[in-house]
2 protein chains.
Amino acid sequence: MVVVFLSGGIIIVKDSQIKGVSVMGNLANAIEVYIKRLLAASPNATLLLQRKELAERFQCVPSQINYVLATRFTAGHGYLVESRRGEGGYLRIKRLDLNKERVNQLLSVLNDLKRKITVNEALGLIDRLADARIVTRRENEIMKAALTQGLRAQNQLLSNNKREMLVEMLEVLLKDS
Amino acid sequence: MVVVFLSGGIIIVKDSQIKGVSVMGNLANAIEVYIKRLLAASPNATLLLQRKELAERFQCVPSQINYVLATRFTAGHGYLVESRRGEGGYLRIKRLDLNKERVNQLLSVLNDLKRKITVNEALGLIDRLADARIVTRRENEIMKAALTQGLRAQNQLLSNNKREMLVEMLEVLLKDS
DNA sequence: ATTGTAATGGTCTAGGAAGGTCAAAAAAGT
DNA sequence: ACTTTTTTGACCTTCCTAGACCATTACAAT
């Protein structure tokens with residue numbers, strides 16, 4: 001439970017209600033909110049900043065920034081994060097405002113991937129995306145080629161590696177916007 | 001930290017964000033952009049210049065130019081660089097536009113795959129296909145995602161499996177058109 | 001012709017400046 | 001108590017920069 005002072009009065013609110021509003025119980029949340037505010041202020045929802053600087057501003061180790069990005073700014077959350085190392089290094093964070101239906105379909109496919117599925121089922125999922133015009137025929141073929149590389153039977157379970165690979169390929173599509 | 005006033009609201013923007021918009025983060029990038037601009041302005045996409053002069057313009061050691069050429073203007077990136085030493089020495093940089101013989105290019109890429117290449121080289125090859133408009137940006141990203149699945153370092157050799165996978169993906173493109 | 005020399009460009013390596021990863025410790029939920 | 005989330009820090013990879021030293025070329029002096 002958290003107590004919030006608002007316009008002079010005292011309002012008592014439950015945690016669950018407050019989540020995501022503006023109370024930040026911890027660093028990670030604070031950083032998340034900060035980044036989101038900057039994104040909101042940016043005309044094209046894109047941010048360019050340095051991990052080191054951000055860490056300094058919040059007086060934490062740089063890897064904390066990675067934690068925040070990894071837990072709150074993933075493709076699944078609708079964000080795209082790119083980076084570059086070395087001198088002049090940076091983080092580029094972009095909020096993707098995507099077509100809802102496409103995203104939902106992709107996410108549902110991604111969701112299906114969480115359980116064990118066979119190669120055949122995976123290929124079926126990919127075809128579904130092609131049917132829905134979410135991927136082109138070529139993209140469809142490319143993904144299938146990648147997925148079936150070195151495979152004999154198609155009625156076996158999809159290996160972890162291959163599943164992960166499919167997920168990553170689909171995430172590319174999510175990022176595409 | 002910089003405060004920017006925008007359409008009535010106060011938006012807080014970080015240094016780095018400002019920098020990233022207008023200025024290149026580092027020397028190498030600046031030089032790259034400069035060369036590419038010159039190339040774009042040149043009638044036949046060919047440039048003749050002196051390493052020393054260029055280095056002077058950017059106030060850096062001459063070998064910095066070599067670094068830029070070696071990392072951004074390789075054959076893999078679709079550029080041709082020749083040079084001559086001694087008095088009257090020069091650098092000749094040419095951008096190759098190979099859009100014509102797509103199939104040949106694909107075949108040459110496939111050929112490159114016969115020998116051992118690193119992950120980085122493989123990614124470069126794929127990028128080159130995108131540059132030449134043989135694959136779309138999305139296809140490019142999909143293939144890269146598939147290729148780098150489960151990989152940490154990029155300077156290691158491409159595994160046999162992954163190489164085979166790339167070949168199969170490229171063969172999809174060959175069949176296509 | 002031969003040789004010397006200055007003017008170029010090339011290579012290689014060390015060092016520094018980012019950002020990334022991983023796992024253990026600490027804190028917060030349940 | 002147990003589980004999940006957060007926080008830290010040690011160590012790693014990538015990228016960039018500078019500089020020492022090497023190779024080639026044109027031109028002048030012999």
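In what follows, every chain begins at residue 1, and chains take the letters A, B, ... in the order their sequences are listed.
The closest side-chain heavy-atom distance from Val81(A) to Thr74(A) is not below 4.5 Å.
Both Glu87(A) and Gln59(A) sit near DNA chain D, but only Gln59(A) has its closest nucleotide nearer the 5' end.
The OH-C1' distance, from Tyr90(B) to dG10(C), rounds to 15 Å in whole Å. Rounded to whole Å, the distance from CG on Asn26(B) to C1' on dG19(C) is 14 Å. The nearest whole Å value for the distance from the CD atom in Gln50(B) to the P atom in dT8(C) is 6 Å. Look at OH on Tyr67(B): it is 15 Å from C1' on dA14(C), rounded to the nearest Å. If you measure from atom CG of Leu48(A) to atom P of dG19(C), you get 10 Å, rounded to the nearest angstrom. To the nearest angstrom, P of dC22(C) lies 17 Å from CD of Gln64(A). As rounded to whole Å, 14 Å separates atom C1' of dT13(C) from atom CG of Asn66(B). Residue Leu123(B) contributes atom CG, which lies 11 Å from atom P of dC15(D) at whole-angstrom precision.
For dG19(C), the OP1/OP2 oxygens have no side-chain nitrogen or oxygen of Arg92(A) closer than 4.0 Å. Side-chain N/O atoms of Arg85(B) include none lying less than 4.0 angstrom from OP1 or OP2 on dA26(D). Applying the 4.0 Å criterion to OP1 and OP2 of dT5(D), one finds that Arg72(A) has every side-chain N and O outside that range. Phosphate proximity of dG10(C) to Arg84(B): absent, as no side-chain N or O sits under 4.0 Å from OP1 or OP2.
The only option from Ile65(B), Leu48(B), Asn66(B) that meets the side chain to side chain contact (heavy atoms under 4.5 Å, CB included) definition with Leu91(B) turns out to be Ile65(B). Results of the salt bridge (Lys or Arg N to Asp or Glu O under 4.0 Å) test with Asp127(B) over Lys144(B), Arg137(B), Arg72(B) single out Lys144(B) as the only residue that passes.
At a threshold of 4.0 angstrom between heavy atoms, the contacts of Gly86(A) include nucleobase atoms, whether or not backbone atoms are also involved. Within the 4.0 angstrom heavy-atom criterion, base atoms lie near Ser63(B).
Listed nucleotides dC16(D), dG19(C), dA18(D) differ in distance to Arg51(A); the shortest reach to its side chain belongs to dG19(C). Of the candidates dG9(D), dC16(D), dG10(C), the closest approach to any side-chain atom of Asn29(B) belongs to dC16(D).
In this model, a donor atom of one side chain and an acceptor atom of the other lie less than 3.5 Å apart for Tyr34(B) and Arg57(B).
Annotation: cation-pi pair Lys36(A)/Phe73(A) present, NZ/CZ under 6.0 Å from the ring centroid and within 45° of its normal.
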